[in-house]
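This report concerns only the one structure given below.
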Amino acid sequence: MVNNFTQEMLWEAAEFVFGALEEIGETECCLLGGAALFLQGVVDRDVNDLDIMIFGTSRQSSSLQTALCREFPDRFFLQKPATANAAFRLLKYRVPETDASIKIDILAQGDPTVEITHRLRVGHIVKREGFPVAPLKFLLYHKLLGWERRSESSLPHNQTKANTQDRNDIIDICNELYRRRYYPLRASYIGNAYKTNLERRAQSFVETYGDRERRVFRRIGFSV
């Protein structure tokens, strides 16, 4: 993917987005996705967009997107996605004094499909380079969720991403967790339902790919 913005522009956008969310009353939020993996030292690649998780809220993502566009019309706008007949709109951040824009994915606890545990608290969030970042254990959960959904998708590009970038990211997260001696199933904020989902998706992942994947999960406490 070729971006029309620099990485410096992207991190400036992240700083603005967090400030804008605070202005509309959302202070319990953090980075997910590629930005979080980069800041956690798991991957070393350019970040193409921003995934921001908002917890401690009953509002849904669409409501938050509308609020940002209303309060900051010079910076945020909604765009129709390329997917035919899509019922949603993409949130974009307009880079000042350029023609560039950056996609912002808002993942809110009010959206039932996002699967943000209600046990997650501000104290679990870590700071990296001044940004709030989801804990590595939750990044594994979220990455497995994305992998599962893309694997089950009928769209070839989703399946390709599941079998390449998602697969590699999950292995890299597991290796980093092992290096830090972090064991995801022991996280206090996981809860039984999330633990069950995490174990089920890990089992599905290793059954899909094989022995290498099984070894990296067993090293961090999974019985797969």
Side-chain angles (χ1 to χ4, degrees), residues 17 21 26-37 39-40 42 49-65 81 83 86-91 103-126 132-155 158-159 161-163 165-167 169-174 176-177 182-208 213 217 220-224:
V17 173
L21 286 169
E26 299 297 343
T27 59
E28 297 185 351
C29 44
C30 64
L31 287 168
L32 275 180
L37 292 177
L39 291 174
Q40 284 274 24
V42 176
D49 53 24
L50 295 171
D51 296 331
I52 297 181
M53 177 175 70
I54 303 174
F55 52 100
T57 184
S58 60
R59 300 163 80 178
Q60 295 192 346
S61 300
S62 58
S63 171
L64 294 165
Q65 290 180 343
T83 306
F88 62 93
R89 292 294 182 268
L90 301 174
L91 179 66
K103 183 165 72 75
I104 312 293
D105 285 334
I106 300 292
L107 308 170
Q109 198 163 42
D111 296 325
T113 59
V114 174
E115 294 190 18
I116 300 174
T117 172
H118 287 275
R119 294 189 181 192
L120 192 64
R121 298 291 182 266
V122 173
H124 297 128
I125 304 306
V126 298
V133 179
L136 204 54
K137 299 169 186 179
F138 190 79
L139 290 177
L140 176 62
Y141 183 97
H142 186 262
K143 199 68 183 180
L144 278 167
L145 171 61
W147 168 81
E148 179 181 69
R149 289 177 177 171
R150 278 184 279 270
S151 295
E152 295 172 351
S153 172
S154 60
L155 300 175
N158 280 339
Q159 295 178 6
K161 185 176 181 181
N163 290 317
Q165 183 173 304
D166 287 347
R167 178 186 182 184
D169 284 351
I170 289 166
I171 292 171
D172 288 342
I173 293 170
C174 288
E176 184 64 17
L177 283 164
Y182 289 169
Y183 301 94
L185 298 177
R186 299 178 187 176
S188 61
Y189 53 82
I190 288 293
N192 289 334
Y194 285 82
K195 181 180 177 182
T196 298
N197 285 337
L198 186 57
E199 291 177 313
R200 176 180 60 78
R201 289 178 182 131
Q203 184 68 46
S204 177
F205 184 80
V206 301
E207 288 176 356
T208 299
E213 287 73 12
F217 270 96
I220 55 173
F222 285 81
S223 300
V224 291

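Values below: all heavy atoms of this structure, side chains included; hydrogens, waters and symmetry mates excluded.
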Item checked: Option passing side-chain contact (heavy atoms from CB on, under 4.5 Å) with L37 (candidates V133, L31, L139, D51) -> L139
Checklist line | Euclidean distance, L144 CG relative to C174 SG, rounded to 0.5 Å | finding: 7.0 Å
Note to self: Return the OG to CG distance between S62 and L91, rounded to the nearest 0.5 Å.
What the structure shows: 11.5 Å
Check: So F205 and D166, side chain to side chain contact (heavy atoms under 4.5 Å, CB included) or not? Walk me through it.
Finding: CA-CA 11 Å; F205 184 80; D166 287 347; over 6 Å; no
Notebook entry, point to check: What are the two closest heavy atoms between W147 and A162, and how far apart are they?
Noted result: CD1-O, 3.3 Å
Check: Side-chain contact, heavy-atom cut-off 4.5 Å: V17 with L21?
Finding: yes
Item checked: Interatomic distance, I173 atom CD1 to L140 atom CG [nearest 0.5 angstrom] -> 5.5 Å
Notebook entry, point to check: What distance do F55 atom CZ and L120 atom CG have between them, rounded to the nearest 0.5 Å?
Noted result: 5.0 Å
Note to self: Quick check against the 3.5 Å criterion: does H124 have a side-chain atom that pairs as donor or acceptor with the backbone of R121?
What the structure shows: yes
Next item on the list: With sequence neighbours excluded, tell me which residues meet side chain to side chain donor-acceptor pair (under 3.5 Å) with E199.
Entry: none
Checklist line | Where A35 and L50 come nearest, the two heavy atoms and their spacing | finding: CB-CD2, 4.1 Å
Note to self: Is any side-chain heavy atom of S58 closer than 4.5 Å to one of Q109?
What the structure shows: no
Item checked: Flag side-chain contact, heavy atom, 4.5 Å: E26 against R59 -> yes
Next item on the list: Return the set of residues passing salt bridge (Lys or Arg N to Asp or Glu O under 4.0 Å) with R201 (not counting sequence neighbours), or none when no residue passes.
Entry: E115, E148
Notebook entry, point to check: Which heavy atom in V114 sits nearest to a heavy atom in L145, and how many Å separate them?
Noted result: O-CD2, 3.6 Å
Margin query: Could you check whether any side-chain N or O of Y194 sits under 3.5 Å from a backbone N or O of T117, counting only pairs where one atom can act as donor and the other as acceptor?
Written below: yes
Notebook entry, point to check: Are side-chain heavy atoms of T113 and R149 found at a separation under 4.5 Å?
Noted result: yes
Note to self: If you compare all heavy atoms of I116 against all heavy atoms of A108, which two are closest, and at what distance to 0.1 Å?
What the structure shows: CD1-C, 3.8 Å
Notebook entry, point to check: Hey, does the side chain of Y183 reach the backbone of F222 with a donor-acceptor pair shorter than 3.5 angstrom?
Noted result: no
Next item on the list: Measure the shortest side-chain to side-chain distance between P184 and L198 over non-hydrogen atoms and say whether it is less than 4.5 angstrom.
Entry: yes
Notebook entry, point to check: Do F138 and L32 come close enough that some side-chain heavy atom pair is under 4.5 Å?
Noted result: yes
Next item on the list: Calculate, to the nearest 0.5 Å, the distance between atoms CD and CG belonging to Q65 and L90 respectively.
Entry: 8.0 Å
Margin query: Please determine whether side chain to side chain contact (heavy atoms under 4.5 Å, CB included) holds for the pair T57 and E28, giving the CA-CA distance in whole Å, both sets of side-chain angles, and the decisive distance to 0.1 Å.
Written below: CA-CA 8 Å; T57 184; E28 297 185 351; over 6 Å; no
Check: By side chain to side chain donor-acceptor pair (under 3.5 Å), which residues pair with N197, not counting sequence neighbours?
Finding: Y141
Note to self: If we ignore hydrogens and angles and just use 3.5 Å, is the side chain of D111 paired with the main-chain N or O of S61 as donor and acceptor?
What the structure shows: yes
Next item on the list: Please answer whether the main-chain N or O of S204 pairs with a side-chain N or O of T208 as donor and acceptor at a distance below 3.5 Å.
Entry: yes
Checklist line | Atom pair CD1/CG of I104 and L64 - distance to nearest 0.5 Å | finding: 13.0 Å
Next item on the list: Any chance you could lay out the side chain to side chain contact (heavy atoms under 4.5 Å, CB included) test for I170 and F217, step after step, and finish with the verdict?
Entry: CA-CA 10 Å; I170 289 166; F217 270 96; 3.7 Å; yes
Item checked: Short side-chain to backbone donor-acceptor contact, Q40 and A134, under 3.5 Å -> yes
